[in-house]
Amino acid sequence: MQKVLVTGGCGYIGAHTIVDLINHGFEVVSVDSNIRSTTQLLEGVEKITGKKVRNYKVDLCNLEDTHAVFHENRDIVGVIHFAALKSVGESVNDPLYYFQNNITSLVNVLKCIKEFNVPNFVFSSSCSVYGNTTALPVVEETPLGEAQSPYARTKQMGEQIIEDYSRVNNTQSILLRYFNPVGAHSSALIGELPLGKPDNLVPVITQVAIGKLPKLTVFGTNYPTRDGSCIRDYIHVMDIANAHTKALQYLLEKRNTDNCEVLNLGTGNGVTVLEAIRAFEKVSGVKLNYELGEARPGDVIAIYANNSKAREKLGWTPETGIEDSMRTAWQWEVALRDRVLNN
Ligand SMILES: NC(=O)c1ccc[n+]([C@@H]2O[C@H](COP(=O)([O-])OP(=O)(O)OC[C@H]3O[C@@H](n4cnc5c(N)ncnc54)[C@H](O)[C@@H]3O)[C@@H](O)[C@H]2O)c1
């Protein structure tokens, strides 16, 4: 069985990806400091897969501790690096925290990859690297725009660091630019579990609908879009997860044509915030309490993917649309409530 090291495995996308990796025959170990998570999702992963996943509770900004994990797992065939802080708003208010955490952890992981000759590396990038681009849908060759937040800048810098590293080292890398990951595993045993107040639209929607939050604010309603709200490309988290498995298999089978390749992971469909709200209301039957508010600093106006490259290279196809994504997100929120009520 081939072993993979997943950083940030206790987080939202990491946990869903671990399920897909295990379902495709990989053995997985996780490293996560739990700065933005608990081990709850890994318990869900175990229930879904029947496999226990070890998590090393290690801050990747600590090189010595990170080194010890790699030393103990010399047989890994690749690293999938999810660990990062991801709140746009928080990064605007505290940029140094974001540079310190997201860049130091990446550099430490790469130092260990180099020392232990790990052949394959997959990085969680983001469509935020494109900035406020007007060329839609974005292709991987679309020139990167000005980063709209320090968070986005950490992704641009992270990509450049990996490109420079891959040029002169033996590691084969793939940078996956996610659009907006949403939804939950169909079992409702894992899903998005933000600590504290959520930042992303869908957990805010589900938390308002369940009564954890009083109301949702739609940030910006005068954008030059079809209904004035921002446009995003909402992609189901299990589709994102499966792209990681396929990216790793692609590297393992040496099908890559460059040391460092970039792929967009989106559905290709732009959906406005107001359309997303309506899709949620339709599948849940819940009327959402929302208000129209001011635009937020750091938000891009509209972005959606051209995903042809990931489809062609990885043989990957996103399978879930916005309504089913909302349905699984809602089922997860309801399951969380029921678990609390039953305890
Ligand atoms: N969710 C999104 O909307 C989205 C979109 C684009 C890109 N991404 C990227 O995908 C990756 C995963 O995102 P997610 O939604 O699963 O986030 P998440 O917060 O649920 O998971 C990230 C995990 O990384 C861990 N972590 C952070 N810093 C760490 C450190 N120094 N050492 C060890 N662990 C650390 C956190 O504790 C958390 O469990 C991130 O790199 C994020 O930037 C996410």
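Both ligands and their constituent atoms are indexed starting at 1 by order of listing. For reference, positions follow the sequence shown, starting with 1.
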Numbered in order shown, the ligand 1 atoms found under 4.0 Å of a heavy atom of S126 are 6 (C), 7 (C)

The atoms of ligand 1 lying under 4.0 Å from a heavy atom of S37, numbered in the order shown, are 37 (O), 38 (C), 39 (O)

Worksheet entry | Electrostatic pair K212:E333 at N-O distance under 4.0 angstrom | yes

Out of L265, I240, D32, the nearest non-hydrogen contact to atom 37 (O) of ligand 1 is supplied by D32

Atoms of ligand 1 under 4.0 Å from any heavy atom of N200, numbered from 1 in the order shown, are 1 (N), 2 (C), 3 (O)

I35 versus ligand 1: do any nitrogen or oxygen atoms come within less than 3.5 Å of each other? yes

Counting heavy atoms under 4.0 Å, the part of P194 that contacts ligand 1 is neither

Atoms of ligand 1 under 4.0 Å from any heavy atom of V58, numbered from 1 in the order shown, are 32 (N), 33 (C)

Note: heavy atom closest to atom 10 (O) of ligand 1, options F82, Y178, F179, belongs to Y178

Please walk me through it: do N200 and Y12 pass side chain to side chain donor-acceptor pair (under 3.5 Å)? CA-CA 12 Å; N200 288 350; Y12 173 45; over 6 Å; no

- prompt: In this structure, are over 12 heavy atoms from other groups packed under 6.0 Å from N222 atom CG?
  reply: no

Of C61, G8, S125, S33, the residue with the heavy atom nearest atom 35 (C) of ligand 1 is S33

Margin query: Please confirm whether D59 approaches ligand 1 to less than 4.0 Å, judged on its heavy atoms.
Written below: yes

Near S124 (heavy-atom distance under 4.0 Å), the atoms of ligand 1 are 9 (C), 10 (O), 11 (C), 41 (O)

Nearest heavy atom to atom 15 (O) of ligand 1, choosing from R177, Q100, K86, belongs to K86

Within the 4.0 Å heavy-atom cut-off, what T104 brings close to ligand 1 is neither

Contacts of N34 meeting side chain to side chain donor-acceptor pair (under 3.5 Å) (sequence neighbours excluded), chain-then-number -> S37

The protein heavy atom nearest to atom 5 (C) of ligand 1 is P181 CD, 3.6 Å

* 4.5 Å side-chain heavy-atom contact, H71 and F116 -> yes

heavy-atom search around atom 24 (O) of ligand 1 in the protein gives A83 CA, 3.4 Å

The complete set of salt bridge (Lys or Arg N to Asp or Glu O under 4.0 Å) pairs with one or both residues in residues 162-180, sequence neighbours excluded, reads E159-R177, D164-R167

Ligand 1 to L60, heavy atom cutoff 4.0 Å, flagged ligand atoms 30 (C), 31 (N), 32 (N), 33 (C)

Please find out if less than 6.0 Å separates the ring center of H16 from that of F82.
no

Atom 13 (O) of ligand 1 has as its nearest protein heavy atom I13 CD1, 3.8 Å

Note: ligand 1 atoms sitting under 4.0 Å from heavy atoms of K155 are 40 (C), 41 (O), 42 (C), 43 (O)

Practice problem: Would you mind checking if R153 and E146 are paired as a salt bridge, meaning a charged N to carboxylate O distance below 4.0 Å? | Solution: yes

Distance col, row T17:OG1 vs I240:CD1, nearest 0.5 angstrom, shows 8.0 Å

Any heavy-atom pair between the side chains of V92 and P150 that's under 4.5 Å?
yes

Closest non-hydrogen atoms of T7 and L60, given as atom of the first, atom of the second and distance, are CB-CD1, 3.7 Å

Here the atoms of ligand 1 under 4.0 Å from any heavy atom belonging to N34 are 37 (O)

